[in-house]
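Take a look at the structure set out below.
Start at 1 with the first residue, then count along the sequence.
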Amino acid sequence: MTCVPAPTHLAAVLDNARTLRERGDLAGARALLGRALDLAGATYGADHPEVLDAARLLASLHQEAGDLPAARRTLEAALAAGQLSVPAEDPLMVLLAYDLGGVADELGNRHEARRNYGTVVRLGPDALGQDHPAVRTAKRYLDDQEIDAEALPMPPAPAPTPFATTEQAPQRRARVRPRRRRTPVPLLVVATLAVATALTTVVLALRPRAATPPASPATTQPSTASPTPPARAAPAAVRLRDDGDSITVSWQDPSGGTVPFIVTGARAGEQSRPFANLPPGRTTYTVNGLNPRLQYCFAVVAVYATDSVAVSELVCTRRASNPQPTRSR
C-alpha cells in the first residue's frame with residue numbers, strides 16, 4: 001500500500017529534492033517532487049498551501065532544466081487550484097503570479113508576463129512589502145516594458161484593437177517616457193472585465209441565459225447561402241469530462257469559429273471566476289489541479305464584443321463520496 005505523505009511532511013521531500021538539485025540531478029529532483037505532489041494533491045487537495053508551495057519548487061526545477069512549458073503548466077495549475085480557496089492577496093498567490101510572469105517572459109509571451117507582474121505590483125506591496133525582491137523586479141519589468149492598461153487595474157481603452165499577438169509586441173525595451181497614445185488593450189482582457197457582472201449573475205441564478213432569437217425570415221440569406229449564426233447566441237451542449245483532479249469542459253460554438261470564449265468555474269455554490277481566455281475556434285478546455293472530493297460548476301462565455309457577451313448554462317459535476325472519472329450527460 002502506498003504511503004501518502006501529509007502536507008506537513010512535504011518539507012522533507014522538498015529538502016531531498018533540493019539536495020538532488022545541488023548534486024546536479026535535476027531529473028531525479030523533478031521526478032521525486034512530481035510524485036510527492038501527485039499523492040499529496042490527491043489526498044489533501046491541490047489548493048492546500050503547502051502543496052502550492054511545493055508546486056513553486058517543482059516549477060523552478062522545470063525552469064532550471066530548460067523545460068519552460070512544464071514550468072508554465074505547473075504554475076498555471078497551482079494558480080487555478082489556489083483561486084478556488086486562497087485569497088488573491090495571499091503572499092503565496094502573489095509569488096505564484098510572480099513566478100509565472102518570469103516563465104512567460106522567458107517564453108516570449110510579454111502580455112502574460114505583464115499581466116502577472118501587474119498582479120505583483122498591485123497586491124505585492126501589502127502582501128510581501130514594498131521592498132520585497134519580487135515587487136521590485138515586477139516594477140522594473142513593467143517600467144522597461146512601458147506600463148499599459150493590460151498590466152495594471154486601469155480603465156479599458158475606448159477602442160481596443162483586434163487580438164494582438166506576441167509577434168506584434170515591440171522588441172525594444174525602453175524606459176517610460178511621456179506618451180500621447182496608450183497602447184490599446186487586447187480584446188480578451190477588456191472582455192474579461194466586461195463579463196464580470198454576467199459571471200456573478202450566472203452563479204447566483206444557476207440557470208442558463210436566454211439567447212437572442214434569430215433574425216426574422218425577411219432578413220435571412222437565401223437558402224443557397226451558408227446560414228448565419230444567431231447574434232449573441234450562448235455556447236450550447238456544455239459537457240464535463242470528470243477525471244478527478246482535472247475536468248475537461250467542451251461546448252458547441254454558436255458563432256462558427258468567429259468569436260473567442262472565456263471558461264469560468266468555481267466550487268459548487270461559489271462565485272464563478274475566469275479560468276481561461278480562448279481564441280476563436282476552441283471548443284474544449286481542461287482545468288487541472290482540482291480536488292477530487294469536491295463538486296465544481298462551469299459555464300462558457302461567448303465574447304461577441306467588449307459589451308456583448310452570451311453565457312451558457314451552468315453545468316456541475318455529480319461526484320459520489322468516492323469519485324471516479326465520469327462524463328456529464
Side-chain angles (χ1 to χ4, degrees), residues 68-70 72-77 79-81 83-84 100 103-104 107-113 115-116 150 160-169 185-196 198-199 202 208-209 211-212 226-243 245-266 272-290 296-317 325 327-328:
L68 294 177
R72 180 185 60 193
R73 289 193 299 270
T74 301
L75 292 170
E76 287 178 341
L79 273 170
Q83 286 172 356
L84 298 175
L100 184 55
V103 172
L107 286 169
N109 190 339
R110 292 184 176 85
H111 165 65
E112 187 71 10
R115 185 175 70 84
N116 283 282
E150 70 185 88
T161 59
F163 309 99
T165 63
T166 55
E167 289 75 17
Q168 295 170 328
V185 184
L187 179 59
L188 282 180
V189 177
V190 179
T192 302
L193 298 175
V195 302
L199 301 183
V202 170
R209 290 186 172 221
T212 302
S226 299
T228 301
R232 291 182 290 189
V238 179
R239 299 286 186 268
L240 305 181
R241 189 187 72 202
D242 189 348
D243 294 312
D245 61 352
S246 68
I247 293 176
T248 298
V249 187
S250 61
W251 61 92
Q252 291 181 0
D253 183 351
S255 72
T258 61
V259 303
F261 297 95
I262 299 175
V263 176
T264 70
S272 287
R273 305 182 185 187
F275 274 104
N277 299 331
L278 303 176
R282 283 285 299 274
T283 56
T284 63
Y285 180 74
T286 300
V287 181
N288 295 300
L290 301 179
Y296 296 92
C297 295
F298 297 90
V300 182
V301 182
V303 184
Y304 289 88
T306 57
D307 58 351
S308 178
V309 301
V311 185
S312 76
E313 64 177 354
L314 197 68
V315 180
C316 301
T317 56
R327 293 176 183 266
S328 65

In terms of heavy-atom contacts, Ala302 and Ala233 come closest through CB-O, 4.1 Å

Between Pro274 and Gln83, the two heavy atoms sitting closest are O-OE1, 4.2 Å

Contacts of Ala80 meeting side chain to side chain contact (heavy atoms under 4.5 Å, CB included) (sequence neighbours excluded), chain-then-number -> Phe275

When you measure from the side chain of Thr258 to the backbone of Ser255, do you find a donor-acceptor pair of N or O atoms at a distance under 3.5 Å?
yes

Discussion item. Evaluate Val315 against Arg239 for side chain to side chain contact (heavy atoms under 4.5 Å, CB included), listing each step before the verdict.
Written reply: CA-CA 7 Å; Val315 180; Arg239 299 286 186 268; over 6 Å; no

side-chain contact (heavy atoms from CB on, under 4.5 Å) with Tyr285: of Val263, Ile262, Val300, only one passes, and it is Val263

By side chain to side chain contact (heavy atoms under 4.5 Å, CB included), Asn288 pairs with (sequence neighbours left out) Ala77, Ser246, Thr286

Pro235 and Ser312 have their tightest heavy-atom pair at O-CB, 3.3 Å

Note: Thr317 and Leu240 closest approach over all heavy atoms is N-CD1, 3.9 Å

- Does a side-chain heavy-atom distance below 4.5 Å link Pro279 with Pro260? no

> Salt bridge between Glu76 and Arg73, side-chain N to carboxylate O under 4.0 Å?
Replying inline: no

message = Before you tell me yes or no, could you show the steps for Val238 and Trp251 under side chain to side chain contact (heavy atoms under 4.5 Å, CB included), namely the whole-Å CA-CA distance, both residues' side-chain angles and the distance that decides it to 0.1 Å?
response = CA-CA 4 Å; Val238 179; Trp251 61 92; 4.1 Å; yes

All heavy atoms of Ala113 vs all of Ala104, minimum pair found to be N-CB, 3.7 Å

With sequence neighbours left out, the residues meeting side-chain hydrogen bond (donor to acceptor under 3.5 Å, both in side chains) with Ser250 are none

Closest heavy-atom pair, Phe298 versus Gly265, reported as atoms and distance to 0.1 Å, is CD2-CA, 3.8 Å

Those residues at least two apart in sequence (or on a different chain) that pass side chain to side chain contact (heavy atoms under 4.5 Å, CB included) with Ala236 are Gln252

Next item on the list: Test Tyr296 against Asp242 for side chain to side chain contact (heavy atoms under 4.5 Å, CB included), laying out the working first.
Entry: CA-CA 10 Å; Tyr296 296 92; Asp242 189 348; over 6 Å; no

side-chain hydrogen bond (donor to acceptor under 3.5 Å, both in side chains) filter on Asp245, not counting sequence neighbours, yields none

CG of Leu107 to CG of Leu68, rounded to nearest 0.5 Å, is 4.5 Å

*Heavy atoms, side chains only, cut-off 4.5 Å: are Val303 and Val259 in contact?*
no

Taken to the nearest 0.5 Å, the spacing of Arg282 CZ from Asn277 CG works out to 11.5 Å

